[in-house]
> 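Below is one structure. I have some questions about it.
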Amino acid sequence: MTTKPKVLISDKMDPNAARIFEARGCDVDVITGETPEQLIARIGEYDGLAIRSSTKVTKEVLAAAKNLKVIGRAGIGVDNVDIPAASAQGVVVMNTPFGNSITTAEHAIAMIFALARQIPEANARTQAGEWPKNAFMGVEVTGKTLGLIGAGNIGSIVASRALGVKMKVVAFDPFLTPERAVEMGVEKVELDALLERADFITLHTPLTDQTRNILSRENLLKTKNGVRIVNCARGGLIDEDALKDLLVSGHVAGAALDVFKTEPAKDSPLFGAPNFICTPHLGASTTEAQVNVALQVAEQLADYLVNGGVTNALNMPSLSAEEAPKLKPYMKLAEQLGSMVGQLTRDSVPRISIHTEGAAAELNMKPMVAAVLAGFLRVQSDTVNMVNAPYLAKERGLEVREVKTEREGDYHTLIRVSVKTESGERSVAGTLFNNVEPRLVELFGIKVEAELAGHMMYIVNEDAPGFIGRIGTLLGENGINIGTFNLGRREAGGEAVLLLSVDSAVPETVLKQACALPGVKLVKALAFA
Ligand SMILES: NC(=O)c1ccc[n+]([C@@H]2O[C@H](COP(=O)([O-])OP(=O)(O)OC[C@H]3O[C@@H](n4cnc5c(N)ncnc54)[C@H](O)[C@@H]3O)[C@@H](O)[C@H]2O)c1
Ligand SMILES: O=C(O)[C@H](O)COP(=O)(O)O
């Protein structure tokens, strides 16, 4: 009986998430509000972790997460997850990039109106019995210029809504193409131009080294007198002390923050500043968005844990649930070929090439490449998997080349893995029999036909009569049962290779005796998953 994958939901999430996990065959625990120490003590037993922004998945949490395979963020921002540490550990990190975008964009628009008409303060003072009709004078948004910093999913929705209320929109986003800007109906500008022209500025970028403090004191001072600023993206994009000073001086006529540099924000310098309004990171908090992200994250995590489907992963190529069953045998073949080359190559390898031919060339190549690298690098570290293999390859300076030939060769489908070594280029190739059974069909230029599984012996010898008998006798005398014999040779009497599958590991002493047999050039024990 196979055990069910175990998932922990560690942040408040719509109850549909837990239902989906159960319906998809996972065991699920919902335990929220724990301290980091409690999470560290618990995380070891889980295969999957579903979070929002409260759970901090640090290096320490990951180090304790011995069984963890996947982290799913029910939302967009993943700055609470140490992605490099997760990748190094082979843990897939996924998010739900669209589920809460409309909701968050609407929050930004709500903030624009709240600032324009000072609604929170007018509300508080009215309810306090003041009836302060003469204390407030708002501004219209019609005809005003909105400066959008970041024009991705949320930024573009904000732009469309702002255009709907007759604002002009200028956008600063280095990755925004002129064509997309035209499609969005916005004017693409440089940051300085935006700062100079905008009556309202909204931020919609992730927090990166390039965006951190993008509204620094220096940049805030470049803004138009009377500008109003909204941040529903990430704390850390704005210098909060400088913003407070400019609210006090009146240069900034209003600021609305949903996010803070330090959260939960309990004592921000901005609290109490004039024309400052805030919400406690509520951008994604609508019923609709929370149902969306909870359903998506549960589907994605369960799909990965149960079927191997990869959607919206930030550290691994995507693999749809439809593709996964088709690609599964290819990934097995790719991993075996990578492993074969890794086990048989002693020299340092600066370059590895993966070439797909025929039917294989029509498929998504990224997962096959990741599988080859995982197989190849596993000889160096047994913690390598498809997630961390591409990172390790990069870290170790291994150049990875990908080639596709859609035309069929001798086989209807083929994967070839070649490595560049000090002694030249060496390659192995494999196909799928009946589209599902991986077979090695070429080994360093010699045609063979072998299933790569379990314990194996690789022998290079001079093709001469009597050799098979001698090796059979040697193994028999040492109690090693041979499963399959696979022979290949360059030409009669030339170099031959023998791939034997054996029922148990071959001891070093037997390998040495085999090596001493007449005509034997090389003997190596191999192992395949
Ligand atoms: N307040 C909330 O509850 C809430 C909810 C959802 C998302 N968010 C946050 O909103 C932000 C935007 O989310 P999204 O889904 O639109 O992301 P996205 O990836 O679709 O868009 C981000 C945009 O920022 C741009 N960008 C990157 N670097 C930039 C730079 N240096 N200068 C200008 N632009 C730059 C990118 O090109 C991209 O277009 C994220 O930080 C996300 O975490 C907050
Ligand atoms: O990045 C996000 O999706 C938002 O910041 C939402 O965060 P939350 O799930 O904690 O509300």
> If only atom types and distance count, is the side chain of Q290 paired as donor or acceptor with the main-chain N or O of A284 below 3.5 Å?
yes
> With no hydrogens and no angle check, is any side-chain donor or acceptor of N153 less than 3.5 Å from a backbone partner on S101?
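Flag not set: sc N153 to bb S101 has no pair under 3.5 Å.
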> Could you walk me through whether I71 and V91 pass side chain to side chain contact (heavy atoms under 4.5 Å, CB included), step by step?
CA-CA 7 Å; I71 299 167; V91 177; 3.8 Å; yes
> Could you tell me whether a side-chain N or O of T211 sits under 3.5 Å from a main-chain N or O of I214, the two making a donor and an acceptor?
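Answer holds: no.
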> State whether the side chain of D29 and the backbone N or O of I31 hold a donor-acceptor pair below 3.5 Å, judged by distance alone.
no
> Could you state the interatomic distance from CD (E335) to CG (L452), rounded to the nearest 0.5 Å?
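E335 atom CD to L452 atom CG measures 11.5 Å (nearest 0.5 Å).
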> Are the side chains of D82 and T58 in touch, meaning some heavy atoms are under 4.5 Å apart?
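Not in contact.
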> Go through the steps for E399 and K420 under the test salt bridge (Lys or Arg N to Asp or Glu O under 4.0 Å), then give the verdict.
CA-CA 10 Å; E399 184 194 345; K420 185 183 168 199; over 6 Å; no
> Taking distance alone, no hydrogens or angles, what donor-acceptor pairs closer than 3.5 Å link side-chain atoms of residues 498-508 to residues at least two apart or in another chain?
unit_1, atom_1, unit_2, atom_2, d
S501, OG, T484, N, 2.9
S501, OG, T484, OG1, 2.8
D503, OD2, N481, ND2, 2.8

> Find out whether H281 and R234 are in side-chain contact, i.e. whether some heavy atom of one side chain is under 4.5 Å from a heavy atom of the other.
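Yes; the side chains approach each other to less than 4.5 Å.
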> Mind running side chain to side chain donor-acceptor pair (under 3.5 Å) on R416 and S427 for me, showing each step along the way?
CA-CA 7 Å; R416 178 178 298 282; S427 82; 3.1 Å; yes
> Find the distance between CE (M340) and CG (L333) and round it off to the nearest 0.5 Å.
12.0 Å
> Are P518 and E462 side-chain neighbours, meaning at least one heavy-atom pair lies under 4.5 Å?
no
> Can you tell me which residue pairs pass the salt bridge (Lys or Arg N to Asp or Glu O under 4.0 Å) test with a partner in residues 294-319, sequence neighbours excluded?
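Only R24-E299 qualify under salt bridge (Lys or Arg N to Asp or Glu O under 4.0 Å).
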> Partners of A294 by side chain to side chain contact (heavy atoms under 4.5 Å, CB included), sequence neighbours excluded?
M13, D14, A17
> Measure across V28 and A18 and return the closest heavy-atom pair with its distance rounded to 0.1 Å.
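Taking every non-hydrogen atom into account, CG1-O, 3.8 Å.
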> Give the C-alpha distance, both sets of side-chain angles, the deciding distance and a yes or no for side chain to side chain donor-acceptor pair (under 3.5 Å) between D173 and H204.
CA-CA 10 Å; D173 185 328; H204 303 289; over 6 Å; no
> Give, for atom OH of Y458 and atom NZ of K524, the distance between the pair rounded to the nearest 0.5 Å.
10.5 Å
> Please check if the side chain of N292 supplies one atom and the backbone of G99 the other of a donor-acceptor pair under 3.5 Å.
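Yes, N292 side chain to G99 backbone: donor-acceptor pair under 3.5 Å.
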> Say you draw a straight line from CG of L62 to CD1 of I43; how long is it, rounded to the nearest 0.5 Å?
8.5 Å
> Keeping N388 on the side-chain end and N385 on the backbone end, is there a donor-acceptor pair under 3.5 Å?
yes
> Among residues at least two apart in sequence or on other chains, which ones pass side chain to side chain contact (heavy atoms under 4.5 Å, CB included) with N80?
I51, S53, K56, R73
> Is a side-chain N or O of R378 found less than 3.5 angstrom from the main chain of V384, in a donor-acceptor match?
yes
> Flag yes if more than 12 heavy atoms outside I102 fall under 6.0 Å of its CD1 atom; otherwise flag no.
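Not buried by this count: 12 neighbours or fewer within 6.0 Å.
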> Determine whether P438 and E451 make a side-chain contact, defined as any pair of heavy atoms from C-beta on separated by less than 4.5 Å.
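When only atoms from C-beta onward are counted, E451 and P438 do not touch, as no gap falls below 4.5 Å.
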> Between I446 and E442, does a side chain to side chain contact (heavy atoms under 4.5 Å, CB included) hold up when you go through it step by step?
CA-CA 5 Å; I446 298 181; E442 195 190 306; over 6 Å; no
> Residues two or more places apart in sequence or in another chain: which of them pass salt bridge (charged side-chain N to carboxylate O under 4.0 Å, His left out) with K326?
none
> With heavy-atom distances below 4.5 Å as the criterion, would you say the side chains of F444 and V497 are in contact?
no
> Quick check: do V291 and L295 have side-chain heavy atoms less than 4.5 Å from each other?
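Of all side-chain heavy-atom pairs linking L295 with V291, at least one is under 4.5 Å.
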> Could you go through the side chain to side chain donor-acceptor pair (under 3.5 Å) check for S10 and T55 one step at a time?
CA-CA 7 Å; S10 63; T55 299; 2.8 Å; yes
> Between E406 and K404, does at least one N-O distance fall below 4.0 Å, as a salt bridge requires?
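Looking at K404 together with E406, the answer is no, because their closest N to O distance does not fall below 4.0 Å.
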> Starting from the C-alpha separation in whole Å, work towards a yes-or-no answer on side chain to side chain donor-acceptor pair (under 3.5 Å) for N312 and Q300.
CA-CA 8 Å; N312 296 325; Q300 289 176 197; 2.8 Å; yes
> Under the side chain to side chain contact (heavy atoms under 4.5 Å, CB included) rule, collect the residues that match up with K4, sequence neighbours excluded.
D27
> Taking the side chain as C-beta and beyond, is there a heavy-atom pair between P390 and V400 under 4.5 Å?
no
> Is a side-chain N or O of N100 found less than 3.5 angstrom from the main chain of T103, in a donor-acceptor match?
no
> Please list, one pair per line, the donor and acceptor atoms closer than 3.5 Å that link side chains of residues 349-363 to other protein atoms, with sequence neighbours excluded.
unit_1, atom_1, unit_2, atom_2, d
R351, NH2, E425, OE1, 3.3
H355, NE2, T405, OG1, 2.7
E357, OE2, G409, N, 3.4

> What's the separation between atom CG in L377 and atom OG in S339, rounded to the nearest 0.5 Å?
11.0 Å
> K69: which residues meet the salt bridge (charged side-chain N to carboxylate O under 4.0 Å, His left out) condition with it, sequence neighbours left out?
D47
> How far does NZ of K66 sit from CD of E45, to the nearest 0.5 angstrom?
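CD of E45 is found 15.0 Å from NZ of K66.
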> Can you list the residues that meet the side chain to side chain donor-acceptor pair (under 3.5 Å) rule with E22, with sequence neighbours excluded?
none
> Apply ring-ring contact (aromatic ring centres under 6.0 Å, His included) to Y411 and list each qualifying residue two or more places apart in sequence or on a separate chain.
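None.
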> When you measure from the centre of the six-membered ring of Y46, is the NZ or CZ of K6 closer than 6.0 Å and no more than 45° off the axis?
yes
> Using atom types as modelled and distance alone, determine if a side-chain donor or acceptor of R426 lies under 3.5 Å from a backbone N or O of L344.
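Checked: pair present.
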> I would like to know whether Y304 and T311 meet side chain to side chain contact (heavy atoms under 4.5 Å, CB included); could you show each step before the answer?
CA-CA 8 Å; Y304 181 68; T311 313; over 6 Å; no
> Are Q343 and F528 packed together at the side-chain level, in the sense that at least one heavy-atom pair is separated by less than 4.5 angstrom?
yes
> Test your reading of the model: is there a side-chain donor-acceptor pair from N213 to the backbone of L237, 3.5 Å cut-off?
no
> Step by step, work out the side chain to side chain contact (heavy atoms under 4.5 Å, CB included) result for L432 and L414.
CA-CA 7 Å; L432 289 181; L414 190 91; over 6 Å; no
> Scan for salt bridge (Lys or Arg N to Asp or Glu O under 4.0 Å) pairs involving residues 510-522, sequence neighbours excluded, and state none if there are none.
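Listed once each, the pairs are E495-K521.
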> Residues two or more places apart in sequence or in another chain: which of them pass side chain to side chain donor-acceptor pair (under 3.5 Å) with S87?
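Listed in chain order: N315.
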